[in-house]
Colleague: 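Just passing along the structure, written as structure tokens.
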Amino acid sequence: MPGGERVSDKGGGAAAGPLLLGVRHHGPGSARAVRAALEAARPRVVLIEGPPEADALIPLAADEEMRPPVALLAHAVDEPGRSAFWPLAEFSPEWVAIRWALDHEVPARFIDLPATHTLVWERDAEAGGEGDEEAPEQGERGPGTGEAPARSAADVRVDPLAVLAEAAGYDDPERWWEDVVEHRGLGDRDAFAPFVVLEEAMGALREVYGTGGHDRDLVREAHMRLQVRAAQREFGDEVAVVCGAWHVPALRRKAAVSADRALLKGLPKAKVDMTWVPWTYRRLSRISGYGAGIDSPGWYGHLFGASDRPVERWLTKVAVLLRAEDRIVSSAHVIEAVRLAETLAAMRGRPLPGLSETTDAVRAVMCEGSDVPLALVHDRLAVGDALGEVPQSAPAVPLQRDLGRLQRRLRLKPEALERELELDLRKETDAGRSRLLHRLRLLGVEWGDPAASRGSTGTFRETWRLRWEPELSVRVAEAGVWGTTVLAAATAKAETDAVAAQGLAEVTALAERCLLAELPGALPTVMRILADRAALDADVGHLAQALPALVRSLRYGDVRGTDTGALAGVAAGLAERIFVGLPPACAALDADAAEEMRRHVDAVHGAVGLLGDTPAPGHGDLRDRWRSVLRVLSGRDTVPGVVRGRAVRLLLDEGELGQDEAARLMGLVLSPGTAPADAAAWIEGFVGGGSGGGMLLVHDERLLGLVDAWLTGVPAEAFTDVLPLLRRTFSAYEPGVRRTLGELVRRGPGTPGSAAAVGSGIPGFAPDLDMARADAVLPVVRLLLGLDGDQPSAEDNDLVGVGR
């Protein structure tokens with residue numbers, strides 16, 4: 001082949017042989033060199049390090065919809081969670097070789113050890129605890145760990161680049177590689193020279209270190225040699241091989257065919273499927289845990305794509321980004337940053353400025369020495385947020401195809417950069433998006449995380465944080481065992497989870513998720529199991545944990561149009577059982593158990609408040625029943641103080657207890673006959689726990705006076721014991737509330753500025769409503785409420801009543 005003699009003469013032998021192009025995975029310098037070498041050599045076939053099962057997928061790389069970064073995904077058919085990735089970016093030498101072969105209508109083939117062996121081999125190594133095995137060179141994933149570090153010449157235990165950099169006097173392998181490869185312009189130089197030099201260096205290292213502690217390389221290299229021989233028999237010596245530079249000496253070495261076949265004999269197998277999946281720059285970077293040998297894929301992509309003046313073009317990108325963030329960056333800043341980067345490179349003895357020099361220049365010139373905007377530059381540009389795309393014609397499990405169809409119909413495109421999505425469930429498209437995201441969460445595909453909605457707490461709004469990670473493709477493949485569509489798979493998964501649930505709270509939470517995801521097919525099974533578990537569970541704490549989730553589910557039914565009649569009956573029955581069992585369950589509790597029971601009381605109170613509006617035939621008025629339970633709790637001496645205090649507070653808030661009665665109960669519990677610790681617990685239940693108790697004390701001087709008098713009367717020997725409880729109670733108040741309480745206590749009761757003085761002496765306040773001033777604001781209120789007419793009406797009287 002053209003250039004073959006050149007390779008032969010300089011490649012370590014006079015005999016003709018395959019063109020071995022040793023590369024660094026995801027190296028833009030290697031990618032440029034591979035493209036130049038293939039152009040010069042014009043081989044008849046290109047062999048690439050990678051799983052041979054993916055040969056049929058190579059033509060898809062020429063599809064217009066294919067945009068790197070992408071990855072080959074292999075997963076075991078019987079165990080989809082066992083999978084492996086082979087990521088490729090536009091600056092990956094393997095991707096360049098594939099595209100060159102397709103553009104020139106030259107066959108391209110993968111020659112690494114088949115994934116059918118590597119997936120099983122990795123599983124057996126994990127089971128047997130073998131620690132000397134190496135995963136596939138571009139990223140094999142183990143169960144539950146995401147993708148394992150990719151292996152390259154820079155990432156094996158004996159780091160070849162580190163050894164070569166140290167020999168050249170560098171303390172940083174990355175900087176050495178940039179200087180000798182990435183910053184090397186090809187020009188009119190010999191296109192094969194870099195590969196010859198790199199092969200000689202790796203040959204010397206292999207002589208010293210052998211496999212570098214990775215015996216699996218011997219098997220992989222044996223398979224690659226067999227594939228190279230087969231290609232030579234078919235195409236002669238016009239064969240080009242693109243592989244990790246570490247393997248080149250082993251492929252060049254003469255070895256008996258029988259010996260290579262012996263190494264491959266008896267390898268375990270598993271049936272595998274392969275496809276292309278989108279990848280991200282973040283997954284190519286070390287910061288995400290994926291050790292692909294590059295710290296800054298965005299920077300490497302820029303180096304590969306910049307035809308000239310890479311530093312000037314890079315700093316221009318930085319300026320555009322900072323300007324978009326409202327930072328003042330002018331053309332003069334760019335010019336000075338370029339000059340500084342070039343000066344730093346000259347001082348450091350580098351042929352061209354690298355990422356470290358440009359970063360230092362950006363920090364000093366554009367960021368004014370601050371690392372805050374610099375972090376943004378690193379995240380958005382140096383690492384980058386690019387997400388690849390694969391064509392719809394790529395092989396996929398049926399569930400993946402259904403998901404893609406739903407994503408297109410709902411206009412919900414996967415994106416690598418995290419974003420917030422606000423949904424209004426009254427709109428059909430947003431309701432469909434909500435269903436999809438909830439169903440995927442049920443299947444373990446965590447594409448979106450629910451977030452607190454801004455500006456509304458209604459059930460018709462949802463906020464999601466979305467971010468698509470490449471490993472979610474594996475989760476989708478795993479979920480494919482549950483069904484061929486998202487709806488069918490989520491329904492089957494929910495039914496199975498309901499049967500396997502260990503506790504009542506798990507089933508109630510699952511019922512809530514089924515309603516959110518709108519899975520009517522799963523609800524009958526979930527409700528049957530829920531009713532069975534509720535009937536058998538006698539633990540009031542478990543029942544109290546389960547009730548809020550059920551009641552929340554009832555609220556979702558309104559906006560989603562779901563029939564929740566059966567759920568309402570179960571929730572009402574659960575509430576009845578709590579009402580009966582709660583008073584006995586509150587007896588003889590220690591401090592921790594009492595605090596937990598107080599939280600249960602709060603949860604049940606909120607749930608009953610919502611459930612009271614839900615028709616539940618045969619159950620009467622649940623709110624009245626609950627108030628009766630609170631009265632029982634507030635008056636029993638056997639109930640812990642924190643629970644009794646909270647019961648009194650809830651009755652007071654509901655209007656079932658007057659201020660005078662509340663003050664009387666507080667006076668009783670704070671009397672000298674009550675142990676200080678129990679009194680402090682009662683106070684915590686009454687005004688603590690984030691219940692707004694601070695404002696209650698601010699506006700009711702009698703209650704504040706009782707607490708103040710009790711506190712000043714606590715004996716010295718008991719004060720140390722009650723101090724932690726009091727500190728926990730009052731430290732939860734807002735700073736302004738604490739300050740106001742301090743002022744009220746300092747001034748004393750009945751003085752100006754105290755609670756009693758408010759409304760009886762301060763200008764602007766009076767004992768009765770000032771009707772003239774109220775009438776003055778009515779026109780504005782009517783305008784805001786959209787009420788017609790100018791004459792006062794009964795509605796105005798209602799407004800005044802609200803003001804009162």
Side-chain angles (χ1 to χ4, degrees), residues 46 48-77 79-90 92 94-103 105 107-110 112 114-116 118-119 136 138-141 147 270-281 283-284 386-416 436 440 443 445 447 468-481 483-486 489:
V46 178
I48 303 167
E49 184 181 333
E53 294 93 338
D55 284 352
L57 302 177
I58 289 177
L60 290 175
D63 194 292
E64 293 181 355
E65 297 181 5
M66 179 75 84
R67 292 183 178 86
V70 293
L72 289 167
L73 164 63
H75 66 85
V77 174
E79 191 181 355
R82 180 159 299 281
S83 55
F85 295 103
W86 285 262
L88 298 172
E90 69 273 15
S92 299
E94 298 85 353
W95 179 259
V96 170
I98 290 173
R99 289 307 309 263
W100 185 92
L102 293 174
D103 292 344
E105 298 182 352
R109 301 171 183 173
F110 289 114
D112 203 351
T116 185
T118 56
L119 291 182
Q138 280 179 262
E140 180 166 321
R141 174 184 173 276
E147 62 280 355
K271 185 179 180 181
V272 300
D273 277 344
M274 294 206 70
T275 187
W276 290 105
V277 296
W279 206 250
T280 67
Y281 271 179
R283 282 303 187 196
L284 288 173
L387 173 65
E389 298 181 16
V390 298
Q392 299 180 22
S393 57
V397 296
L399 181 62
Q400 177 69 61
R401 293 191 180 280
D402 184 60
L403 175 58
R405 179 185 61 82
L406 292 173
Q407 288 171 334
R408 291 189 295 273
R409 181 170 66 83
L410 297 171
R411 300 188 298 277
L412 202 57
K413 184 179 179 181
E415 296 177 357
L436 176 61
L440 290 177
L443 291 170
V445 183
W447 179 14
W468 185 267
E469 298 286 1
E471 62 265 24
L472 294 180
S473 299
V474 178
R475 301 289 179 262
V476 174
E478 289 179 296
V481 301
T484 57
T485 66
V486 175

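All residue numbers refer to positions in the sequence shown, counting from 1.
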Colleague: Could you tell me the separation between the CE atom of M274 and the NE2 atom of H75, rounded to the nearest 0.5 Å?
Modeller: 9.5 Å
Colleague: So, taking the atom named CG in L443 and the one named CZ in R475, what distance separates them when rounded to the nearest 0.5 Å?
Modeller: 12.5 Å
Colleague: Is there a side-chain contact (heavy atoms from CB on, under 4.5 Å) between V390 and M66? Walk through the geometry before answering.
Modeller: CA-CA 5 Å; V390 298; M66 179 75 84; 4.0 Å; yes
Colleague: Tell me which one of V46, L88, D103 satisfies side-chain contact (heavy atoms from CB on, under 4.5 Å) with I98.
Modeller: L88
Colleague: So, do L440 and V476 sit near enough that their side-chain heavy atoms are less than 4.5 Å apart?
Modeller: no
Colleague: How many angstroms lie between CG in L412 and CG in L406, if you round to the nearest 0.5 Å?
Modeller: 10.0 Å
Colleague: Over all heavy atoms of both residues, which pair between Q407 and P414 is shortest? Give the atoms and the distance, please.
Modeller: NE2-CG, 3.6 Å
Colleague: Can you confirm whether D63 sits close enough to S393 that some side-chain heavy atom of one is under 4.5 Å from a side-chain heavy atom of the other?
Modeller: yes
Colleague: Looking at A386 and P69, what are the two nearest heavy atoms and their distance?
Modeller: O-CG, 4.1 Å
Colleague: Taking the side chain as every heavy atom from C-beta outward, state whether L72 and W276 have any pair of such atoms under 4.5 Å apart.
Modeller: yes
Colleague: Just jot down the side chain to side chain donor-acceptor pair (under 3.5 Å) partners of R109, sequence neighbours excluded, or say none.
Modeller: E234
Colleague: Checking A394 now: which residues fulfil side-chain contact (heavy atoms from CB on, under 4.5 Å) with it, not counting sequence neighbours?
Modeller: L60, T275
Colleague: Quick one: side chain to side chain donor-acceptor pair (under 3.5 Å) partners of E90, sequence neighbours excluded?
Modeller: Y281
Colleague: Please test I48 against I58 for side-chain contact (heavy atoms from CB on, under 4.5 Å), starting from the C-alpha separation and ending with a verdict.
Modeller: CA-CA 11 Å; I48 303 167; I58 289 177; 5.5 Å; no
Colleague: Quick one: closest heavy-atom pair of A108 and A101, and the distance?
Modeller: CB-CB, 3.8 Å
Colleague: So which atom in L387 and which in E415 form the shortest heavy-atom distance, rounded to 0.1 Å?
Modeller: CD2-CA, 3.6 Å
Colleague: Of all residues at least two apart in sequence or in a different chain, which pass the side chain to side chain donor-acceptor pair (under 3.5 Å) check with R67?
Modeller: E389
Colleague: Side chains of V70 and V277: closer than 4.5 Å at any heavy-atom pair?
Modeller: no
Colleague: What pair of heavy atoms forms the shortest contact from W279 to P87, and how long is it?
Modeller: NE1-CB, 3.6 Å
Colleague: Which atom pair, heavy atoms only, marks the closest approach of A115 to A74?
Modeller: CB-CB, 3.9 Å
Colleague: Which residues pass the salt bridge (Lys or Arg N to Asp or Glu O under 4.0 Å) test with D402, not counting sequence neighbours?
Modeller: R405
Colleague: Please confirm whether the backbone N or O of T116 pairs with a side-chain atom of E53, one donor and one acceptor, at under 3.5 Å?
Modeller: yes
Colleague: Who pairs with W447 by ring pair (Phe, Tyr, Trp, His ring centres under 6.0 Å), at least two apart in sequence or on another chain?
Modeller: W468
Colleague: Is there side-chain contact between V96 and R99, with heavy atoms separated by less than 4.5 Å?
Modeller: no
Colleague: Working note: V486 + L399, criterion side-chain contact (heavy atoms from CB on, under 4.5 Å); need CA distance, chi angles, decisive distance, verdict.
Modeller: CA-CA 6 Å; V486 175; L399 181 62; 3.9 Å; yes
Colleague: Quick check on the 6.0 Å ring-centre criterion: do W86 and F110 meet it?
Modeller: no
